[in-house]
Amino acid sequence: MDNVDYLSVAVDIAREVGPLLLQHYEQRVAVEYKGEFNLVTTADRAAESLIVERLRNRFPTHSIVAEEGGGVDRDSDYVWHVDPLDGTTNFAHRFPAFATSIGLVYRGAPIAGAVYDPLRDEMFCAEKGAGAYLNHQRLKVSGASRMNEGLFATGFPSGRRHKEMNIHFFYQVSMLSHGIRRAGSAALDLCSVAAGRLEGFWEIGLNSWDVTAGLLLVEEAGGKYGDMRGGPYELGGLELLATNGHVHTEMVELFCDIYAGRYRFPLIPVS
Ligand code: IPD
Ligand code: CA
Ligand code: CA
């Protein structure tokens, strides 16, 4: 691995995209459908073009995986995973929770990541082995050791709804914790775990561009991630659980019970 300051590049580009997103946000963007409920806006495309152009100019030999398809496939050890606008549904409805996520993977492992929330001017960033930061302040996961002391987040992908089983997990976690937030940006949810604002986050069906930067933040802030059954998580894998580390085993045990059909709290019928 070479000595380039990849993180600064990712941070600068993510910050540059902020005003572009905000301009579209103020104007109310035109929405198109990629699937039945899967939205894309002119802002997603404009932001992605800018990010990909900047990365291509700076690192012409690197691969880029970008959500809206503008990436480049090269034979490289370095792969950028780019979500130009994470939280598109929020953005389209003017619900204020979205971010740009830019992560770099070297030989399969995240080494640099930036997630920028332009509405709050919050820049979350992390470099492998060098810690995670929010606007220059070092981040550390929360110290809560039990689920019943914790606040959690999850998400529901816009596609594959008929296969979605997360509602079972949602209900069981809601019965055992301070509650669950579903704010609509997986990248920001992961940053919230890194920042100690949440004890854990899980989702079924995320993509590499949603999570590459956020997972490095969680790890560098002292947290832990894996699949939802206690195994390792591969980028782009189906199930993801990221926590402050302390509640990880408790959550995996709960999730294994749910997968096995052992529901600790039966859903009451609607009467
Ligand atoms: C979505 C958000 C959302 C998550 C979905 C993602 P997008 O990304 O991260 O929180 O629940 O699974 O697809 O489409 O807004 O970039
Ligand atoms: Ca996304
Ligand atoms: Ca997106």
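Order of listing sets the numbers, starting from 1, for every ligand and every atom in it.
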Side chain or backbone of [X] under 4.0 Å from ligand 1, or both, or neither, by non-hydrogen atoms?
{"X": "F98", "value": "neither"}
{"X": "K34", "value": "neither"}
{"X": "S185", "value": "backbone"}

In sequence, state the C-alpha distance, the side-chain angles, and the governing distance for V65 and V79, and then conclude on side chain to side chain contact (heavy atoms under 4.5 Å, CB included).
-> CA-CA 7 Å; V65 178; V79 185; 3.7 Å; yes
Atom indices of ligand 1, in the order listed, that fall short of 4.0 Å to a heavy atom of [X]:
{"X": "L206", "result": "12 (O)"}
{"X": "G184", "result": "2 (C), 3 (C), 10 (O)"}
{"X": "G155", "result": "11 (O)"}
{"X": "D210", "result": "8 (O)"}
{"X": "T88", "result": "15 (O)"}
{"X": "A186", "result": "2 (C), 9 (O), 10 (O)"}
{"X": "E203", "result": "4 (C), 5 (C), 11 (O), 12 (O)"}
{"X": "G87", "result": "7 (P), 15 (O), 16 (O)"}

Do [X] and [Y] have side-chain atoms, one donor and one acceptor, less than 3.5 Å apart?
{"X": "D189", "Y": "S192", "answer": "no"}
{"X": "H62", "Y": "S76", "answer": "no"}
{"X": "E239", "Y": "Y259", "answer": "yes"}
{"X": "D44", "Y": "T88", "answer": "yes"}
{"X": "S142", "Y": "E199", "answer": "yes"}

Looking at ligand 1, does L85 have a heavy atom less than 4.0 Å from it?
->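 A heavy atom of L85 does come that close to ligand 1.
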Would you check whether S158 reaches within less than 4.0 Å of ligand 1, judged by its heavy atoms?
->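 So S158 does not count as touching ligand 1.
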Provide the tally of protein N/O/S atoms nearer than 3.0 Å to the Ca ion (ligand 2).
->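 Number of qualifying protein atoms: 3.
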Determine, using ring centers only, whether Y25 and F98 are less than 6.0 Å apart.
->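 Here the rings of Y25 and F98 have centres that are less than 6.0 Å from each other.
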Strictly under 6.0 Å, is that where the ring centroids of Y78 and F59 end up?
->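 No, the ring centres sit 6.0 Å or more apart.
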Can an N or O of E67 be found at a distance shorter than 3.5 Å from an N or O of ligand 1?
->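 Yes; at least one N/O pair falls below 3.5 Å.
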Distance-only N or O hit between ligand 1 and D86, under 3.5 Å |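 Yes.
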Would you indicate which of D44, V40, D83 comes nearest to atom 16 (O) of ligand 1 when only heavy atoms are counted?
->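 Considering heavy atoms of D44, V40, D83, the nearest to atom 16 (O) of ligand 1 sits in D83.
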Quick one: does V82's side chain get under 4.5 Å of E67's, heavy atoms only?
->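 No, their side chains stay 4.5 Å or more apart.
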Main-chain N/O of A144 paired with N244 side-chain donor or acceptor, under 3.5 Å |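 Indeed, once roles are kept as given, a pair shorter than 3.5 Å links the two residues.
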Is there a donor-acceptor pair closer than 3.5 Å between any side-chain N or O of D210 and the backbone N or O of D83?
->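 Answer holds: no.
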Could you go step by step and tell me if Y171 and Y263 meet the ring pair (Phe, Tyr, Trp, His ring centres under 6.0 Å) rule?
-> CA-CA 10 Å; Y171 181 63; Y263 294 176; 8.9 Å; no
Begin from the C-alpha positions of E48 and E53 and carry the test side chain to side chain contact (heavy atoms under 4.5 Å, CB included) through to its verdict.
-> CA-CA 8 Å; E48 181 166 303; E53 188 189 317; over 6 Å; no
Kindly indicate, with the supporting measurements, whether the criterion side chain to side chain contact (heavy atoms under 4.5 Å, CB included) is fulfilled by S177 and F152.
-> CA-CA 8 Å; S177 68; F152 296 86; 3.5 Å; yes
